[in-house]
Peer 1: 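Structure incoming, see below.
The figures here come from the full heavy-atom set of this structure, side chains too, leaving out hydrogens, waters and symmetry mates.
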Number of protein chains: 2
Amino acid sequence: MSKLPIFKSVEGHHHAVPFFLCRENCGDVGFEIAGGKIDHLLNQDVADVHSHNVDEYYLLISPNEGAAEIEVHIDGVVTRHTSPDVIHVPAGKPHKFVTRKVETGTFCFGIFVGEG
Amino acid sequence: MSKLPIFKSVEGHHHAVPFFLCRENCGDVGFEIAGGKIDHLLNQDVADVHSHNVDEYYLLISPNEGAAEIEVHIDGVVTRHTSPDVIHVPAGKPHKFVTRKVETGTFCFGIFVGEG
């Protein structure tokens with residue numbers, strides 16, 4: 001497989017987004033997995049509030065259970081999620097997330113359903 | 001979302017397999033994500049050689065790039081992969097993997113395409 005991640009631009013994101021599984025390395029499998037480590041992003045927004053035209057699932061994981069927390073904003077509603085967790089962002093809903101607690105080796109993946 | 005992971009039995013695996021994203025917590029999205037931390041599995045098989053009736057992708061990640069390596073056996077062919085990497089296991093192909101290098105916080109996810 002290609003050297004990972006593969007950087008692609010995603011609407012609403014400040015920087016090119018790293019992809020691990022996408023059309024470019026895996027063909028059309030029905031979803032794409034982006035994201036990466038967030039341990040350097042405490043109290044930072046990864047992106048402006050934005051929306052996608054497909055459902056997205058965040059997968060939040062960290063070496064130690066409970067060691068990471070993200071604040072998820074979806075359509076103006078704020079919830080807080082502790083690792084490990086999966087959070088559904090419905091297609092078309094304006095959203096962003098902010099890292100509120102983190103440890104080295106924490107990852108947050110965004111899985112785009114129907115992409116790829 | 002439900003408390004994660006959700007344990008389910010998978011043919012060929014020695015123990016119930018932890019799922020993070022699956023039909024039970026996310027409905028039918030076209031794939032399921034299983035797996036978890038492998039930092040306790042150095043030089044161990046996670047499962048007997050087995051096959052699935054759907055394509056699978058392994059996603060190998062670790063806090064530090066290059067800190068984890070898995071030996072992937074697919075249909076008798078052995079390859080070695082360094083984190084981060086994605087490895088495709090075609091539907092029906094007998095496979096297993098063995099962790100050959102690891103650090104705390106290393107994860108290996110198995111993404112089953114067409115499940116869920």
Peer 1: Can you see which heavy atom on B:Phe20 is nearest to which on A:Pro84, and at what distance?
Peer 2: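 Looking at all heavy atoms of both residues, the shortest contact is CE2-CB, 3.6 Å.
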
Peer 1: Count I, L, V, M, F, W, Y as connected when their side-chain heavy atoms are under 4.5 Å apart, and connections chain through other members. Are A:Val86 and A:Val98 then in the same cluster?
Peer 2: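 Different clusters.
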
Peer 1: Checking B:Ser62 against chain A: side chain, backbone, both or neither under 4.5 Å from a heavy atom?
Peer 2: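 B:Ser62 touches chain A through backbone heavy atoms alone.
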
Peer 1: Would you indicate whether B:Lys93, at its atom NZ, is surrounded by more than 12 heavy atoms from other residues, nucleotides or ligands within a distance under 6.0 Å?
Peer 2: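 Result for NZ/B:Lys93: open.
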
Peer 1: So do the side chains of B:Phe31 and A:Ile111 get within less than 4.5 Å of each other, counting heavy atoms only?
Peer 2: yes

Peer 1: Closest heavy-atom contact between B:Tyr57 and A:Cys26?
Peer 2: OH-O, 3.4 Å

Peer 1: Give the member of B:Ile61, B:Thr104, B:Leu21 that has the highest number of heavy-atom pairs under 4.5 Å with chain A.
Peer 2: B:Ile61

Peer 1: Kindly indicate, with the supporting measurements, whether the criterion salt bridge (charged side-chain N to carboxylate O under 4.0 Å, His left out) is fulfilled by A:Lys37 and B:Glu65.
Peer 2: CA-CA 11 Å; A:Lys37 278 200 287 187; B:Glu65 191 175 317; over 6 Å; no

Peer 1: Which distance, rounded to the nearest 0.5 Å, do you find between the CG of B:Leu60 and the CG of A:Leu4?
Peer 2: 10.0 Å

Peer 1: Kindly write out the residues that satisfy side-chain hydrogen bond (donor to acceptor under 3.5 Å, both in side chains) with B:Lys96, not counting sequence neighbours, or none if the list is empty.
Peer 2: B:Asp45

Peer 1: Is any side-chain heavy atom of B:Leu59 closer than 4.5 Å to a side-chain heavy atom of A:Phe109?
Peer 2: yes

Peer 1: Do you reckon B:Leu42 sits in the same ILVMFWY cluster as B:Val72, going by side-chain contacts under 4.5 Å, direct or chained?
Peer 2: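 Yes, one cluster joins them.
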
